[in-house]
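Nothing fancy with the numbering, it's 1 onward along the sequence. Please read these numbers as outputs of a predicted model, since none were measured by experiment.
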Amino acid sequence: MQFMRYVPALVLMSLLGACGDDAQQPGAGAVPAAAPASPGPDALAGADMPGPGDSLDGAALYARACASCHGETGEGIGDFPGLVALSRADVRARLQAYRAGETVGPRSALMAPVASQLSDAQIEALAAYLGG
């Protein structure tokens, strides 16, 4: 009966051993890619968003603030829209509207906190990068 005393500990250890970082085990726990869940506006508060004094490099700004939702090349991810077809003027106007708190579309509540962190020069840099 001494063995029965160790059964719960063995079960717990085996369960904990099965937990871990899937990134260390290629293919383990792989789940088909799905559209990312829509984060609430508060979820962006802790994100590494640019501030007014940050870089004026449009590519760096895009990678830091936009790529996680709109894709590395602006193609869009899931129901987050693509940006590649927008003109420079469209990008500028939308970012300025989001920054002003205007409702531009269904994602305005998500975009406003991001755009509110951008200076005019950063908006212009993103417009030049995205709108060519």
Is Q122 close to L95 at the side-chain level, that is, under 4.5 Å between some pair of heavy atoms?
no
Which residues share a salt bridge (charged side-chain N to carboxylate O under 4.0 Å, His left out) with D120, sequence neighbours left out:
R99
Any donor and acceptor pair, going by atom type alone, linking the side chain of Q117 with main-chain N or O of V114 inside 3.5 Å?
no
Rounded distance [0.5 Å steps], CD1 in I123 versus CG in L56:
12.0 Å
Grab the two heavy atoms, one from Y98 and one from A115, that are nearest each other, plus how far apart they are.
CB-CB, 3.6 Å
Atom pair SG/CE of C66 and M111 - distance to nearest 0.5 Å:
6.5 Å
Determine, stepwise, if the pair Y62 / L130 fulfils side-chain contact (heavy atoms from CB on, under 4.5 Å).
CA-CA 9 Å; Y62 180 84; L130 290 167; 3.7 Å; yes
Which value, rounded to the nearest 0.5 Å, describes the distance between L118 atom CG and S116 atom OG?
7.5 Å
For E75, is the CD atom crowded, meaning more than 12 foreign heavy atoms sit under 6.0 Å from it?
yes
From C69 atom SG to R107 atom CZ, the distance as rounded to the nearest 0.5 Å
8.0 Å
How long is the gap from CZ on R88 to CG on L126, to the nearest 0.5 Å?
11.0 Å
Mind checking whether H70 and F80 have parallel, tilted or perpendicular rings, split at 30° and 60°?
perpendicular
